[in-house]
Structure formats: structure tokens, C-alpha cells
2 protein chains.
Amino acid sequence: MISPNEPFYGFENLFSAGERIVAPRRTILRQQEVCDLIPLICSGWAACSLMLPDRRRRLILSFLLPGDIASTTIALEPVPHFSIEAVTSVHIRTVRHEDLKATLMRDTEFLERFLHYSAEQKIQADMLAIDLGYRSAEGRIARLILRLATRLKQRGLSDGVSFDFPLRQHHIGDATGLSNVHVSKVLVEFRHAGYVEINERSLRIKNQTELVEIANFG
Amino acid sequence: MISPNEPFYGFENLFSAGERIVAPRRTILRQQEVCDLIPLICSGWAACSLMLPDRRRRLILSFLLPGDIASTTIALEPVPHFSIEAVTSVHIRTVRHEDLKATLMRDTEFLERFLHYSAEQKIQADMLAIDLGYRSAEGRIARLILRLATRLKQRGLSDGVSFDFPLRQHHIGDATGLSNVHVSKVLVEFRHAGYVEINERSLRIKNQTELVEIANFG
DNA sequence: CGGCCCTTTGACGGACGTCAAATAGCGTGG
DNA sequence: CCACGCTATTTGACGTCCGTCAAAGGGCCG
């Protein structure tokens with residue numbers, strides 16, 4: 001039901017155009033600005049987001065974890081329709097846009113992985129639309145937590161139960177289309193019901209069964 | 001602001017595995033069932049949709065118009081995460097999954113068009129998430145109408161003002177995440193305000209300026 | 001100690017879903 | 001040609017989820 005989102009294996013073999021550390025809250029890549037360097041997350045969390053037309057809120061399309069690259073839509077067109085911002089301190093490696101494009105055209109095995117990753121991202125985007133269109137606040141937040149747990153486990157960054165959780169409530173709100181106030185209320189409810197424990201920037205799932213139930217039918 | 005969605009030029013040069021006519025309301029391709037024939041719409045309208053987990057409603061991800069292929073996610077993995085259903089009588093041509101894949105690996109110009117089309121679809125999916133997460137009912141419906149007008153005009157099927165409009169209100173509801181009842185109320189309001197005229201399965205935009213205003217800031 | 005950001009809590013309102021009933025259209029069969 | 005049934009649309013009443021506003025408390029750092 002909750003389809004995971006694997007890291008993009010193979011990207012690390014490309015010629016690296018550089019590495020750097022980005023501080024929390026700093027922008028890595030800005031919507032509508034030409035970028036010829038495509039970032040790969042080596043460590044830390046980042047958020048890939050769209051400004052809403054009213055310029056006052058934003059929608060976080062996905063959280064980027066170690067092993068992720070930005071949305072695959074910038075492979076051909078070097079003007080992203082999204083921004084990327086560091087959540088924690090983030091270590092990134094960059095690859096030249098031209099190098100990526102050339103490798104795609106030349107290396108069919110690499111291309112195959114890229115198309116697979118790209119398809120997975122499209123599916124996740126569709127799932128986000130379902131979440132925002134039809135699910136309750138509880139369902140959206142439960143799914144976000146479970147999806148992060150799965151992805152971190154895949155990357156060996158969690159046992160699937162507890163993990164570092166650097167998100168602020170406004171991140172959760174931006175990723176689920178909810179107001180900060182409502183996010184707070186739902187989290188209080190989850191803690192009170194004994195589903196999760198959140199403190200010191202870490203999260204522990206205490207009742208996975210119930211959380212999955214809420215995620216699927218909330 | 002409303003980024004259009006071009007047809008997938010180039011697909012028609014592939015080796016055709018067959019053609020057929022599908023009657024309205026018939027399923028062309030079913031979610032989670034192996035399909036080795038990828039459809040291209042030659043004439044008519046179809047809807048690409050996901051069943052919601054409660055199995056009672058569905059989300060229409062996009063309407064497929066002449067020149068469109070199904071979501072590009074089935075290029076590698078022949079098990080679609082979506083269904084396609086004919087809205088009108090639809091004329092389709094099919095291409096073998098294996099042929100498409102082989103052509104992508106061999107023909108770099110074709111690959112480039114495919115990646116471009118694929119990126120455009122990802123962007124549209126993100127826009128759908130914004131619509132469902134943040135826009136009002138009026139905004140969503142206005143955008144749907146304007147986007148269809150633009151796409152039909154690109155294909156030479158409309159002057160951008162009036163066009164055949166085979167959608168039922170439940171299609172509009174499924175595509176905007178609204179109940180049929182609420183769709184009806186908004187359409188009555190639009191007609192009453194003189195923004196559009198809908199009858200005899202056709203639609204005419206009477207006040208584009210106002211509709212664009214609602215689409216952007218609703 | 002003081003300022004800033006984050007979180008919590010309560011009050012209130014609005015947009016939209018659900019339920020229900022009336023009407024209209026449209027094809028089918030007698 | 002009419003009766004019938006099914007589907008689509010319209011309209012009203014009512015409820016609820018969640019947004020906005022406001023205020024208070026907590027943690028962190030200068």
C-alpha cells in the first residue's frame with residue numbers, strides 16, 4: 001500500500017563536479033532559476049517544494065534523503081519547477097547537467113535505472129495528490145511518518161521503528177497541506193493515544209499496527 | 001501559469017501492434033494488470049485514473065486527448081498503477097511494450113522527446129497535488145476547463161473558446177476531488193455568472209478573463 | 001534577562017461532504 | 001406511442017473537518 005521510494009543507485013558513478021555542505025534552511029536550488037549542477041544528497045535531509053501561487057505557502061513534494069537526487073524533470077531542461085532547501089545540514093555532491101544528459105544517452109543500463117527512478121517519482125506524485133485530495137489529516141500524517149520510516153530503513157538509517165526526525169511541524173504541514181495549528185493537534189493526539197513518541201529531534205513508532213490502519217483508511 | 005500538456009509527437013512512428021475502437025465507459029487498461037500493449041489515443045477522450053483505497057471513489061489523474069499516450073511510467077514496468085477508461089468512443093493504436101523500450105534505448109532523439117513528455121507529466125502531477133491541496137472548488141474547476149481549452153487548441157480541436165465537452169459532472173468531480181453535488185453547484189454558479197455556457201455536450205468560454213482570475217487566485 | 005521561534009490550546013467560521021428528494025433525459029421493451 | 005427504469009442534474013438542509021485568529025508557555029541563544 002505504501003510504495004517506497006528507493007535511492008537512485010548509480011548516480012554516484014557519474015563524474016562529480018563538486019561537493020559541499022549546506023546549512024539548515026539554506027536553499028540548494030531555486031525554482032525557475034537555471035541550474036547546470038544537479039545535486040545528489042549524500043547526508044542529511046532536504047525538502048523539494050513548490051511555492052504556491054499566492055506566494056505565502058508552499059507544498060513540499062518530497063523529502064530528499066541520502067541517495068536521492070532532485071526530481072528527474074531537470075534531466076533535460078535545466079530550469080527546475082521546484083526549489084530544494086536543506087532541512088538539516090546537508091552534504092551534497094553535484095553533477096553537471098550536460099554530463100547527466102550525455103550519460104543517459106550513452107549508457108543504457110544507467111538510463112534504465114533513471115527511467116525506473118523517474119517512474120517511481122511520478123507514482124509518488126500521484127499518491128501525494130490522493131493524500132491531499134481525499135485523506136484526513138490523521139491519514140496524511142500517519143502516511144508521512146510510515147513512508148519516512150520505510151525509506152530510512154531501506155537506506156540503513158533506521159531499524160524501521162525509531163529514527164532521527166529533524167522535521168519541524170511547519171515542514172509536516174507543508175508536506176501534508178495542513179496548517180501548523182492542525183498538525184500540532186494531530187501530533188498531540190497521536191502521542192496521547194500512544195502511537196508515536198517524538199522528542200529530541202527523534203521519532204519512535206510505538207503502535208505500528210494502528211498507524212497503518214489510520215494511514216490506509218483515514 | 002497554466003502549463004499545457006503537449007501530445008507525444010513521435011510515438012506514431014513506432015511499429016503499430018494494432019488498432020481498435022473502444023466504446024464509452026469501457027476500460028482500456030486496468031490498474032495492476034500486466035499490459036504489454038501501450039495505447040495511443042487517436043481520437044476521442046479517455047480518463048487515466050486511480051482507484052482510491054476505499055474502492056468507492058477514484059481520482060482522475062488526467063484526461064487523455066488525441067495524441068496522448070498513457071502515463072510514461074509503463075515504459076519499463078508493464079504493470080500500470082492506474083486505469084484508463086474511455087469517456088467517449090475512442091480510437092486507439094497500440095504499441096508493444098518491448099518495442100517501445102527497445103526504441104528508447106536505440107533512438108536518442110525519440111528518447112529525448114520521451115523524457116520531455118515524461119517530465120511534463122510529472123509537473124502536471126505536482127500541479128494536481130497543489131490543486132487538490134490548496135485551491136477552492138471554483139479554482140479547480142476553472143483550471144480544469146482552461147487547461148482542456150488550451151490542450152484542445154494545441155491539437156487543432158478547438159479555437160480555444162468553444163469545444164466538444166463530453167464530460168459528465170462525475171468526471172469533473174473525480175478530476176477535482178469534489179463531490180458531484182458540489183460540482184453541480186459550482187457549474188450553476190459559473191453559468192449564472194456568465195463565465196461559461198455548457199449544453200449539448202459542448203462548452204463555450206464566455207468570460208475568459210474572469211475564469212483566469214478564478215483559476216489563479218481561487 | 002530578553003527576544004525569537006516553536007508548540008500548544010481554545011474559540012470561531014467557512015468550505016465542502018453527505019443525505020434526501022424532486023426533476024429531467026434517454027433508451028428499451030411492450 | 002407509451003410505460004418504465006436508469007442515470008444525470010439540481011436544490012436544500014445539515015454536519016464536520018480543518019483553517020484562521022489569538023494568546024500563552026517553553027526552549028535556546030545572545
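Chain letters run A, B, ... following the sequence lines, proteins first and then strands; every chain starts at 1.
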Practice task
Using the ring-ring contact (aromatic ring centres under 6.0 Å, His included) rule, collect all pairs that involve residues 165-186 of chain A, keeping only residues at least two apart or in two chains.
Solution key: none

Completion exercise
Residue pairs meeting salt bridge (charged side-chain N to carboxylate O under 4.0 Å, His left out), one or both in residues 59-81 of chain A, sequence neighbours left out, come to D68(A)-R151(A), D68(A)-R155(A)

Handout entry: Pairs involving residues 168-181 of chain A, ordered by first then second residue, that meet salt bridge (charged side-chain N to carboxylate O under 4.0 Å, His left out) (sequence neighbours left out)
Key = R57(A)-D174(A), R58(A)-D174(A)

Problem - Shortest non-hydrogen contact between L76(A) and H97(A), atoms and distance - result: O-NE2, 3.2 Å

Handout entry: Least distance between heavy atoms, P66(A) atom then C42(A) atom
Key = CB-O, 3.5 Å

Are side-chain heavy atoms of [X] and [Y] found at a separation under 4.5 Å?
| X | Y | result |
| --- | --- | --- |
| K153(A) | T150(A) | no |
| T73(B) | E120(A) | no |
| L59(A) | L128(A) | yes |
| L211(B) | L146(B) | yes |

Problem - Under 4.0 Å protein heavy-atom contacts per nucleotide of nucleotides 23-30 of chain D, with B for base, S for backbone only and - for none - result: --------

Exercise for the section: Report the distance from atom CG of L187(B) to atom C1' of dT10(D), rounded to the nearest whole Å. Expected result: 11 Å

Problem - Spacing between L132(A) atom CG and dC17(D) atom P, to the nearest angstrom - result: 18 Å

Problem - Residue from L152(B), V90(B), D164(B) passing side chain to side chain contact (heavy atoms under 4.5 Å, CB included) with W45(B) - result: L152(B)

Sequence neighbours left out, cut at 3.5 Å: what donor-acceptor pairs do the side chains of residues 24-35 of chain B make with other protein atoms?
{"unit_1": "Q31(B)", "atom_1": "OE1", "unit_2": "M51(B)", "atom_2": "N", "d": "3.1"}

Exercise for the section: Could you list by number each residue of residues 163-183 of chain B showing a heavy-atom separation from DNA chain D of less than 4.0 Å, or answer none if no residue does? Expected result: R168(B), Q169(B), H170(B), V181(B)

Handout entry: Sugar-phosphate only, base, or nothing, as touched by R25(A) at under 4.0 Å among non-hydrogen atoms
Key = sugar-phosphate

Fill in the blank from the handout: Those residues at least two apart in sequence (or on a different chain) that pass side chain to side chain contact (heavy atoms under 4.5 Å, CB included) with S162(B) are D159(B), R204(B)

Exercise for the section: Using the test side-chain hydrogen bond (donor to acceptor under 3.5 Å, both in side chains), find all partners of S118(B) that sit at least two apart in sequence or belong to another chain. Expected result: T72(B)

Practice task
Please check if atom CD in E138(A) has more than 12 non-hydrogen atoms from other residues, nucleotides or ligands closer than 6.0 Å.
Solution key: yes

Fill in the blank from the handout: Between its two end axes (five pairs each) the helix from dC1(C)-dG30(D) to dG30(C)-dC1(D) turns, nearest 10 degrees, through 30°

Handout entry: First-last contacting nucleotides on DNA chain C - partner chain A, under 4.0 angstrom, heavy atom
Key = dC6(C) to dA11(C)

Exercise for the section: Just jot down the ring pair (Phe, Tyr, Trp, His ring centres under 6.0 Å) partners of F190(A), sequence neighbours excluded, or say none. Expected result: Y195(A)

Problem - For DNA chain C, the residues among residues 188-198 of chain B that have a non-hydrogen atom under 4.0 Å from it - result: none

